Amino acid sequence: MSVVLLLNGPNLSVLGQREPEIYGTDTLADIEKAVADEVSVRRWNVVSIQSDAEGDLVGAIHKHRGTTVGAIVNPGALMIAGWSLRDALASYSPPWVEVHLSNVWAREQFRHESVIAPLASGVVVGLGAFGYRLAARALLHLCAEDAT
Ligand code: DQA
């Protein structure tokens, strides 16, 4: 059974309540369902991990490195200086897509750089929860059907 790793960083557990004017009203559970719905076309499963601690995300990447077909990663503010997250992703060879709900380019200067983006297969920014669906579709596209 093929599995997609869905990783969400700090403060993303409270989506739906957290600054809904910026991040929307969908909850993390809604997003998990949406990703599962997208990848169900190929009967893939989703393992979803959210943590406010960078080390937990690093551990999850190593744990699931050999057993997942790809990953969707919203690093939250770890985009700015999550160097150990970046190094863990460098050792993760399947395709993975970075997602940000908000258009980080239209926001404060400190959100304009992501230390993980140069390693990503692609980045989806500013499309709200729908961005996770797009990232899931991108993984379906990037993983050849006969490889999964
Ligand atoms: C975010 C953008 C980050 O700058 C912020 O720290 C977040 C959420 C987004 O999804 O728009 O926590 O990653």
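All ligand and atom numbering here is 1-based and tracks the order in the structure. Computed from a predicted structure; not experimentally measured.
For the pair V99 and V73, the minimum side-chain heavy-atom distance is 4.5 Å or more. I116 places a side-chain heavy atom less than 4.5 Å from the side chain of W96.
In summary, of the residues considered (I72, V39, V3), a side chain to side chain contact (heavy atoms under 4.5 Å, CB included) with V46 occurs for V39 alone.
L12 and L57 are assigned to two separate hydrophobic clusters, defined by single-linkage of ILVMFWY side chains at heavy-atom distances under 4.5 Å.
For Y132 and N74, the side-chain atoms include at least one donor-acceptor pair closer than 3.5 Å. R65 and S91 form a side-chain donor-acceptor contact under 3.5 Å, judged by distance and modelled atom types alone.
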One line per pair, note the atom names and distance for all nitrogen or oxygen contacts under 3.5 Å between ligand 1 and the protein.
unit_1   : atom_1 : unit_2 : atom_2 : d
ligand 1 : 4 (O)  : R111   : NH1    : 2.9
ligand 1 : 6 (O)  : A77    : N      : 3.2
ligand 1 : 6 (O)  : R111   : NH1    : 3.1
ligand 1 : 10 (O) : N74    : ND2    : 2.9
ligand 1 : 10 (O) : L101   : N      : 2.7
ligand 1 : 11 (O) : L101   : N      : 3.2
ligand 1 : 11 (O) : S102   : N      : 2.8
ligand 1 : 11 (O) : S102   : OG     : 2.6
ligand 1 : 12 (O) : R18    : NH1    : 3.0
ligand 1 : 12 (O) : R18    : NH2    : 3.0
ligand 1 : 13 (O) : N74    : OD1    : 2.8
ligand 1 : 13 (O) : H100   : ND1    : 2.7

